[in-house]
Amino acid sequence: MSNNDWIPVQFRKGVNGFDKVVLREIRGSSAEVYLYGAHVTSWKNDHGEEMLFLSSKANFKPPKAIRGGIPICFPQFSNHGSLEQHGFARNRFWAVEPDPPPFPTNSANKAYIDLILKPTEEDLKIWPHSFEFRLRVTLGPGGDLMLTSRIRNTDGKPFTFTFAYHTYFSVSDISEVRVEGLETLDYLDNLQNKERFTEQGDAITFESEVDKIYLSTPTKIAILDHEKKRTFVIRKDGLPDAVVWNPWDKKAKAMTDFGDDEYKHMLCVEAAAVEKAITLKPGEEWRGRQEISAVPSSYCSGQLDPLKVLQSR
């Protein structure tokens, strides 16, 4: 792609006429963000390969959230509170913010969009707190995808929230995938009434339904896809927890917006703040950032040296 052909930010119509933003990097990588939910639905490398999972049955009809991509869970993760599952940010229409407050950024990045969500009167009835939620989605020169959330309390009283980037990664075969960086950590098992356990010393592999919240996690986590010889690296700031989820066959069949066999080709690893809720005083701002990248990985006897992946950069 020549400089003359490269348009880093374009506004388009997507499924059901929904507004979306297409970000492109000069080497060919791309991302798509719907204003509905400020929802990243696509992230492709410079070969045009899709790296996020989006269900073939995803429902682009409010108030249903879009199944796949990167839903934003705010002001509540899952059922950790009295609101609807995962809060309401993922099924509201966000606005483009042309001139956000100053943002320390890499001036080389031209492919980014700033979105903002403020509560409506209806939102205030179910969650009576005024806030401004700013999200910047950036596609870096190397094809990395960064999401930075800034949530400000514009109310006269403190409020508390939980949060997650509910990222669905596309994988070749869930049984050939392993997650590095969460060994030996404590986790809450959502399949066992949020009971607390300690992960064993090996990398995490998948042979049945998984729904765990890992606590006090490192800033870097790797997802190794054996078949694709590709490793996703998640880097995060301000988000101490990591949720790992795959619904497996029975739950997949029970979800109307999810194909029966699609669980084989997806894995959610979610940068989150769940165990210890975040409290903001009036005027305070919280920031949570996730950067995801994909790097080639080569296996030797079925093993990748996780230290090299996790200690690089």
Side-chain angles (χ1 to χ4, degrees), residues 6-15 18-46 50-54 58 60 65-66 68-74 86-87 89-118 131-152 163-170 232-239 268-272 285-294:
W6 175 43
I7 304 173
V9 183
Q10 288 180 298
F11 294 88
R12 298 268 180 84
K13 291 291 182 188
V15 180
F18 281 8
D19 291 316
K20 69 177 180 180
V21 181
V22 180
L23 305 177
R24 288 188 196 283
E25 248 308 316
I26 196 158
R27 293 180 193 144
S29 59
S30 66
E32 295 189 2
V33 191
Y34 275 75
L35 298 195
Y36 180 60
H39 198 131
V40 177
T41 55
S42 173
W43 171 45
K44 292 180 180 175
N45 63 16
D46 48 15
E50 181 57 69
M51 294 186 287
L52 296 177
F53 166 84
L54 185 71
F60 287 76
I66 299 166
I70 311 181
I72 289 173
C73 305
F74 170 86
H86 289 322
R90 65 188 186 142
N91 54 17
R92 296 294 185 270
F93 285 94
W94 293 51
V96 174
E97 188 172 36
D99 189 21
F103 202 107
T105 187
N106 179 348
S107 57
N109 291 339
K110 293 190 169 60
Y112 66 87
I113 189 71
D114 288 296
L115 302 176
I116 187 167
L117 179 70
K118 297 178 185 178
F131 65 88
E132 291 174 350
F133 185 153
R134 291 181 167 85
L135 175 73
R136 174 169 287 192
V137 181
T138 305
L139 191 63
D144 298 358
L145 183 67
M146 189 187 303
L147 282 77
T148 306
S149 290
R150 296 187 290 171
I151 297 169
R152 179 175 292 280
F163 180 94
Y165 293 116
H166 198 312
T167 309
Y168 288 72
F169 291 94
S170 173
F232 293 114
V233 181
I234 304 164
R235 296 176 178 85
K236 57 192 182 61
D237 295 312
L239 296 161
C268 287
V269 179
E270 312 166 28
E285 184 177 84
W286 170 85
R287 182 173 298 191
R289 186 177 72 93
Q290 163 180 285
E291 183 180 355
I292 51 178
S293 53

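- To the nearest 0.5 angstrom, I151 atom CD1 is 11.5 Å from R287 atom CZ.
- For R152, the salt bridge (charged side-chain N to carboxylate O under 4.0 Å, His left out) partners two or more places apart in sequence, or in a different chain, are E285.
- Using a 4.5 Å cut-off on side-chain heavy atoms (C-beta onward), E291 and K236 make no contact.
- When side chains are defined from C-beta on, S149 counts as touching W286, because their heavy atoms get closer than 4.5 Å.
- Partners of E50 under the salt bridge (charged side-chain N to carboxylate O under 4.0 Å, His left out) rule, at least two apart in sequence or in another chain, do not exist in this structure.
- Partners of F11 by side chain to side chain contact (heavy atoms under 4.5 Å, CB included), not counting sequence neighbours, listed by chain and number: V9, V21, V96, I113.
- A donor-acceptor distance shorter than 3.5 angstrom exists from the side chain of W43 to the backbone of G143, with no hydrogens or angles considered.
- Judged as a side chain to side chain contact (heavy atoms under 4.5 Å, CB included), and not counting sequence neighbours, the contacts of K20 are R12, V22, E32, Y34.
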Test side-chain contact (heavy atoms from CB on, under 4.5 Å) applied to D144 and I292, step by step: CA-CA 6 Å; D144 298 358; I292 51 178; over 6 Å; no
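- Side-chain contact between T138 and T148: absent, with no pair of heavy atoms (C-beta onward) separated by less than 4.5 Å.
- Listed by chain and residue number, F133 satisfy the ring-ring contact (aromatic ring centres under 6.0 Å, His included) test with W94 (two or more places apart in sequence, or in another chain).
- You'll find the side chain of M51 reaches within 4.5 Å of the side chain of N45, heavy atoms only.
- Salt bridge present: E97 and R134 bring a charged side-chain N and a carboxylate O closer than 4.0 Å.
- The aromatic rings of F163 and Y165 sit perpendicular to each other, their planes meeting at more than 60°, with 30° as the lower class boundary.
- Checked by atom type, the side-chain pair S30/E25 shows no donor-acceptor distance below 3.5 Å.
- Here D114 pairs with R136 in a salt bridge; the nearest charged N to carboxylate O distance falls below 4.0 Å.
- Between V33 and L115, some side-chain heavy-atom pair lies under the 4.5 Å cut-off.
- Interatomic distance, I116 CD1 to K118 NZ, rounded to the nearest 0.5 Å: 4.5 Å.
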Pair N91, Y36 - check side-chain contact (heavy atoms from CB on, under 4.5 Å), show working. CA-CA 6 Å; N91 54 17; Y36 180 60; 3.2 Å; yes
Test side-chain contact (heavy atoms from CB on, under 4.5 Å) on R235 and S293; report intermediate values, then the result. CA-CA 9 Å; R235 296 176 178 85; S293 53; 3.2 Å; yes
Step-by-step side-chain contact (heavy atoms from CB on, under 4.5 Å) determination, V269 to F232: CA-CA 10 Å; V269 179; F232 293 114; over 6 Å; no
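- Applying the salt bridge (charged side-chain N to carboxylate O under 4.0 Å, His left out) test to D237 and every residue at least two apart in sequence or in another chain returns R289.
- Aromatic ring orientation, H166 versus H86: perpendicular (interplanar angle above 60°, classes split at 30° and 60°).
- Residues I70 and T41 are not in side-chain contact: their nearest non-hydrogen atoms beyond the backbone lie 4.5 Å or more apart.
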